[in-house]
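Take a look at the structure set out below.
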Amino acid sequence: MRSHLLSASDLSREDAIAVLDTAAELARVTDRAVKKLPTLRGRTVVNLFFEDSTRTRISFEAAAKRLSADVITFSAKGSSVSKGESLKDTALTLEAMGADAVIVRHGASGAPHRLAHSGWIDGVVINAGDGTHEHPTQALLDAYTLRHHLAGGEGALDGRRVVIVGDVLHSRVARSNVLLLRTLGAHVTVVAPPTLLPVGVETWPCAVSYDLDAALAGADAVMMLRVQAERMNAAYFPSTNEYSRRYGLDVRRADLLADGGIVMHPGPMNRGMEISAEVADGPRSVIVEQVTNGVHVRMAVLYRLLGAADLTEEASA
Amino acid sequence: MTAADMPPRARVLDADDISRIVGRISHEILERSHGVHDLVLLGIQTRGVPLAHRIGARMSDIEGVPVPVGALDITMYRDDLSLRGARPLHSTDVPVEGIDGRLVVLVDDVLFSGRTIRAALDALSDLGRPRAVQLAVLVDRGHRELPLRADYVGKNIPTSIDQAVRVRMTEIDGVDEVVVEG
């Protein structure tokens, strides 16, 4: 039995804190002239992306390369996947190439789980976003960023108040963040128009609100979700303007946050839609930092999973 | 006493012994390097670090000038990730003076297979280019797997391969001692 990272709920509080601590040490390597570590030399990491995602893909690629792993990128476009090859056949190909870790982004919720538990491949599977389900490394990098600003870069996030705003229905980022932030002891409120909340949101370990101003008052952080263009045409809300007015983050709303409260966005942003340019570039914004932290957190995940994977191999040998 | 007839748990060094060893190694390093002008001590995480600080403090007392002391974590440079799995990381702190062009003395608690030191040399070369590197250890227990030796040795303790040498330092463990188990 190998360990994978498929859901933010795979992480216990201890695991999550250990990943964040490891990431914090790895972040310090970035300050040196030589940024590479030899840790995963000779290991093969495959980026298997069935959906476009430039930033997540290059973040994982940078993380794997800084640990000296060999990286193979397998994009759906222009590959045999676009010729109709199944997930299974793709997986068998990767297995034949000896992948130690497969980082998978797929449009179908549950695809990484299928890959991990099918027996098709032997390597570690890391979910880099599946459908509207989960994106656990995004949640980890968000937790890292929150911890850095709100908890002195140590321990958990007990008692911190985080507001997640926007298209929760289609957001894997929201789901993973709610799960992980709860594990770390934070209080989460999701805010969205009723049409953009998933069925069963009341069972999530968070509060739900339709009133952004009330939710923001005194909160420690707000996480804005991207409104995807295709949703705007699908009648989830009457107009862009109305969405922006009720659920967009402008300077007035950002100032409702507690002193030192931060503004986050997983990117890519629609400036003027869910977040105003002034806030995105303002003093509370940590959006650029999130990208940097993503590399360190993904290094930590690769290190811990590839280390642990071989431990189980040793035990079963 | 040979390794074979050592009792299951024997304390081979106590706090006074360790203190005397720290003093002697401090003098030996100073003697060999003709003072402290370009010296940097780097303790290997974890128990090499308090040891390096003690040696640095002793040298400062003797010479009357501060000796830069840092910490080196070699976890990411180990060659046994596939055998022993991921371990928690500790911090690497290079003194502000840096290591370029300086005499770096690596400090560790136990010299055994030599693989830790091999990893430390790799880590060091990613941090800069010292003028020279030397090695000081509290205990040399033998069983080298690489062609490495220490420049300064606190005590040679012959052991059998399946014995364990436990070094405890007050800063981490609340007591100063070296114990051979098994």
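Sequence lines set the chain letters: A, B, ... in the order given, protein chains first and strands last, and positions in each chain run from 1.
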inquiry  = Please find the pair of heavy atoms, one from B:His90 and one from A:Glu25, that lie closest to each other, and give the distance.
reply    = O-OE1, 3.6 Å

remark   = B:Met76 and A:Thr39 have their tightest heavy-atom pair at O-OG1, 2.7 Å

task = Please report the C-alpha distance between A:Val34 and B:Leu127 in whole Å, then the side-chain angles of each, then the deciding distance to 0.1 Å, and finally whether the side-chain contact (heavy atoms from CB on, under 4.5 Å) criterion is met.
result = CA-CA 7 Å; A:Val34 179; B:Leu127 291 172; over 6 Å; no

Got a sec: does the [atom1] of [X] have more than 12 other heavy atoms crowding it under 6.0 Å?
X        : atom1 : value
B:Arg129 : CZ    : no
A:Lys35  : NZ    : yes
B:Glu145 : CD    : yes
B:Arg20  : CZ    : yes
A:Glu154 : CD    : no

note = Rounded to the nearest 0.5 Å, the CG atom of B:Leu89 sits from the CG atom of A:Asp21 at a distance of 9.0 Å

task = Identify which part of B:Arg87 has an atom lying under 4.5 Å from any heavy atom of chain A, answering side chain, backbone, both or neither.
result = both

task = May I ask you to decide whether B:Asp73 forms a salt bridge with A:Arg28, counting only side-chain N to carboxylate O separations under 4.0 Å?
result = no

request  = Could you tell me which portion of A:Lys36 (side chain, backbone, both or neither) has an atom closer than 4.5 angstrom to a non-hydrogen atom of chain B?
outcome  = backbone

message = In the structure I gave you, are the side-chain heavy atoms of A:Leu40 and B:Leu81 within less than 4.5 Å of one another anywhere?
response = yes

